[in-house]
Amino acid sequence: MKVKPYSQNDRALPMKVAAYYNKEQINYEDRHIPTIGDEEVLIRMEYCGLCGTDIHKVIDETVPPETVLGHEVSGEIVKKGAKVKDYKVGDRVFVAHHVPCFTCHYCKRGSFSLCAQFKQTNLDPGGFSEYIRVPALHVKHTMGLLPNGMSYEQGALVEPIACCLHGFELIDTHPGDTIFIMGAGQIGLLQVQIARALYASNIIVSDINPFRLDKALEFGADEAINSQKENVAEKVLELTNGRGADIIIISASISSLLPEALECVARGGTVLVFAPFKDTEVAIPAAKFFNDEIKVIGSYSSNPYNYEKAVYMLKNKVFDVERMITHRFPLAELDKAIATAHNPTASVLKVLITP
Ligand SMILES: [Zn+2]
Ligand SMILES: [Zn+2]
């Protein structure tokens with residue numbers, strides 16, 4: 001569906017958004033098109049990816065009613081403020097939602113996603129909207145041009161890929177390492193492709209969904225373990241001659257995966273927690289940390305420096321985006337999109353929302 005071009009008199013013209021009220025109710029409703037300031041731009045959304053965190057916020061009801069979620073955005077600039085010099089109307093862009101301050105304690109240590117400002121910045125009203133106001137800080141730090149030949153679909157993948165790259169920045173991988181990715185959803189499969197492209201590694205993936213496991217093998221995994229049929233830790237030890245995986249990335253929101261990972265991580269290995277856990281407490285084999293020099297680290301979101309690399313990798317076809325995108329839903333069917341993506345046994349990977 002094409003939306004008619006924005007004009008100066010459109011302040012009163014409603015636009016459509018998909019707004020969260022509770023887990024049973026997502027409304028397709030009218031809002032005013034946001035007014036922009038001198039250093040801001042207005043974009044018309046082309047695609048907004050549905051992220052696992054959007055689904056988590058809806059299913060676990062962690063955000064206030066009327067919230068417009070969505071942060072993996074690509075679109076076209078339809079209006080710009082007088083002081084915006086680096087972009088023009090008609091530019092094709094990607095944009096993400098959080099901007100750090102670059103000056104606080106955490107930013108100075110390079111932990112940009114821990115910055116207090118980071119979570120306070122956002123797109124207006126959110127990604128699941130026909131039109132989006134991009135605030136000044138985002139114009140400067142989280143928006144970028146899509147290179148010629150890069151599709152809007154690819155543009156919507158910039159943010160999730162940037163998050164995965166941030167995770168890989170935190171781990172120390174070596175050629176020949178075994179990387180074990182727990183969870184072969186949209187994030188796990190991006191990680192398979194990054195691991196395949198950047199590291200000469202042996203890649204193992206586990207999931208309960210046979211469709212996703214097949215995809216993992218297509219995207220470059222060497223082994224795929226069905227965790228409903230096999231003992232995952234035993235299988236990983238078997239596949240690595242008893243050594244275990246050097247790097248384990250937990251990309252599914254199941255806290256019991258942490259003790260399972262610690263059972264099959266190699267000595268000197270790292271477990272990267274890349275998903276939010278609902279249950280806060282799990283029992284872990286504490287003695288391993290000292291004796292085996294095990295590292296357990298977390299990775300949250302991305303930072304502005306990851307976007308350029310994500311665009312570069314997309315441009316160079318590191319990712320098979322076409323095969324990643326299994327579903328497209330219009331804004332009016334965001335509820336259906338969430339139900340589809342939340343079904344752990346469905347044949348679904350990346351879901352994109354369109355106006
Ligand atoms: Zn995301
Ligand atoms: Zn900061």
Side-chain angles (χ1 to χ4, degrees), residues 18 20 45 47-60 62-63 67-75 94-123 126-129 132 135-138 140-144 153-168 183 185-191 193-194 249-253 272-276 298-307 309-311 313-314 319 321 324-325 327 329 334 337-338 341-342 348-353:
Y20 160 90
M45 186 263 277
Y47 286 103
C48 182
L50 180 60
C51 175
T53 60
D54 294 321
I55 298 168
H56 157 74
K57 283 169 190 162
V58 170
I59 302 292
D60 297 325
T62 65
V63 289
T67 298
V68 177
L69 293 163
H71 56 265
E72 304 175 356
V73 176
S74 65
F94 70 87
V95 58
H97 56 337
H98 292 322
V99 187
C101 76
F102 297 97
T103 55
C104 74
H105 173 76
Y106 299 104
C107 284
K108 281 181 185 156
R109 303 182 79 234
S111 302
F112 298 101
S113 60
L114 306 184
C115 170
Q117 181 186 283
F118 194 71
K119 275 194 157 183
Q120 282 158 24
T121 59
N122 222 324
L123 304 173
F128 299 136
S129 171
I132 300 161
L137 281 175
H138 296 74
K140 273 200 198 97
H141 301 296
T142 72
M143 195 169 88
E153 286 96 329
Q154 288 174 304
L157 269 293
V158 170
E159 196 272 348
I161 289 170
C163 292
C164 294
L165 291 172
H166 173 55
F168 275 94
Q186 48 171 312
I187 287 296
L189 293 190
L190 289 175
Q191 288 162 337
Q193 293 169 85
I194 293 172
I249 305 178
I250 303 179
S251 292
S253 301
L272 180 73
V273 178
F274 200 88
S299 173
Y300 164 65
S301 199
S302 56
N303 69 55
Y305 304 111
N306 302 127
Y307 300 127
K309 194 168 177 184
V311 170
M313 291 175 80
L314 276 161
F319 304 95
V321 170
M324 284 285 299
I325 299 166
H327 294 74
F329 288 93
L334 180 61
I338 290 172
H342 189 55
V348 54
L349 290 176
K350 190 71 202 172
V351 175
L352 296 187
I353 307 299

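Owing to the predicted nature of the structure, the values given are computational and were not obtained by experimental measurement. Counting starts at 1 for both ligands and their atoms, in listed order. Counting from 1, the numbers follow the sequence of the chain as shown.
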Angle, SG of C104 through the Zn ion (ligand 2) to SG of C115 - 10° precision =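 With the Zn ion (ligand 2) as the vertex, SG (C115) and SG (C104) sit 110° apart.
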Any side-chain heavy-atom pair from M324 and L189 closer than 4.5 angstrom?
->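 Yes, their side chains come closer than 4.5 Å.
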For K350 and P160, which heavy atoms make the closest approach, and how far apart are they?
->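 Nearest heavy atoms, K350 then P160: NZ-CG, 4.3 Å.
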Quick check: does H105 have an N/O/S atom under 2.8 Å of the Zn ion (ligand 2)?
->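 It does not; every qualifying atom lies at 2.8 Å or beyond.
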Identity of the N, O or S atom of E72 lying closest to the Zn ion (ligand 1) =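 This turns out to be OE2.
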Is it true that Y305 and F112 have ring centroids separated by less than 6.0 Å?
->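 Yes, they do, as the ring centres are separated by less than 6.0 Å.
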Determine, step by step, whether F102 and H141 satisfy the ring-ring contact (aromatic ring centres under 6.0 Å, His included) criterion, reporting the C-alpha distance in whole Å, the side-chain angles of both residues, the deciding distance to 0.1 Å, and the verdict.
-> CA-CA 11 Å; F102 297 97; H141 301 296; 4.6 Å; yes
Any N/O/S of C163 under 2.8 Å from the Zn ion (ligand 1)?
->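 No.
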